[in-house]
Amino acid sequence: MTAFILPSASTMASHVDALFHFLLVTCGVALAIIVFGKLFFLFRFHRSRVEEEKSSYITGHTVTEAGVAVLLTIWVMFIFWWGWTDYKALRTAPPGAMEIHVTGRQWSWEALYDDGRRLTNELVVPVGRPVKLLMTSKDVLHSFFVPAFRVKQDVIPNVYTSLWFEATKEGEYPVYCAEYCGDAHSAMLAKVRVLEPHAFEAWAMAYELEQEKEPSGEGESAKLEGLAKQGEALFAKSGCVACHSLEGKKVIGPQLNGIFGTEVELADGQKVSIDENYLRESILEPNAKIVKGFAPMMPTMKGQLQESEVTALITYIKSFGGKK
Ligand code: CUA
């Protein structure tokens, strides 16, 4: 019997299941009342069982009709309120969640951690810590689906979408692609490996030790590591540093210190908040949104940066703080 029950391995899983079971049970009860009620009347008032006479003409019963309408409305609004509450919880990652960048492509998943670790078709996460996935696609639409966590999110080229979960049980849980994406869509499988916190630390440490064996760069940016450090190198190499200050000074372009999560006013007076999608667009399509007081003169980085390099630049800018 347990083979038919989906494992429940995240903090949100029981919430999603509770609403599902509520819908299943209340709809089952409504179905039974309607079907058995009809059958009862069919049987009870069959003309072989009642005296042959013309039935009275029924014109309606306002109190009953209004009562049913009110009860059904309360039931539906209750479901709406419940669904909305859970939906908001599912969409809003708790502050301080560990971030992992996930890229879908035909036909595999790639995970990139802030420290530079790269995994294919596998995600390793600790128990009891919220994890936020920032996802994009290299080609077509995909969808990241972890049934055991009851989370699913479309993965779309050229923008970031996100999803969060907090695993509650050790183990390995399958990841499916839930959006038809070509021939090998059904083979686009991955797994989430959930480890006890100390096992996760050991796993992360093993990677760091491996990295230390390799010759490291100059010591000046020792506080940065992994992706942010790659971002720093790219920031210099791609020439960003010529126009953008990270010390709060206004040069040719807007300064980038502590801007993440804040709001900025554009040339047309519109206000936008600086998130991953805004930074991504500003790198790849610099003229799409021009900050008030600046000229549209930044060249596009489109075609010059790989997906993971865009991620590294954004991680570097985020490392200078701001409102997360
Ligand atoms: Cu990727 Cu279906």
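Remember, it's 1-based here, ligands and their atoms both numbered in the order they're listed.
- Note on His142: its N/O/S atom closest to atom 1 (Cu) of ligand 1 is ND1.
- Between the side chains of Asp154 and Ser143, at least one donor N or O lies within less than 3.5 Å of an accepting N or O.
- Note: Gln230 CD to Thr315 OG1 = 9.0 Å, rounded to the nearest 0.5 Å.
- Looking only at N/O/S atoms, Glu179 comes nearest to atom 2 (Cu) of ligand 1 through O.
- At atom 2 (Cu) of ligand 1, the angle from SG in Cys181 to SG in Cys177 is 120° when rounded to 10°.
- When each of Arg118, Lys138, Arg280 is paired with Glu307, the salt bridge (Lys or Arg N to Asp or Glu O under 4.0 Å) condition holds for Arg280 and for no other.
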### Query
What do the steps show when you test His244 against Phe235 for side-chain contact (heavy atoms from CB on, under 4.5 Å), and what is the final call?
CA-CA 9 Å; His244 294 285; Phe235 198 78; 3.8 Å; yes
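- At a threshold of 2.8 Å, atom 1 (Cu) of ligand 1 has a backbone or side-chain N, O or S atom of Met188 nearer than that distance.
- Distances from atom 1 (Cu) of ligand 1 show that His185 has no N/O/S atom below 2.8 Å.
- Atom CH2 of residue Trp82 and atom NE2 of residue His15 lie 10.5 Å apart, to the nearest 0.5 angstrom.
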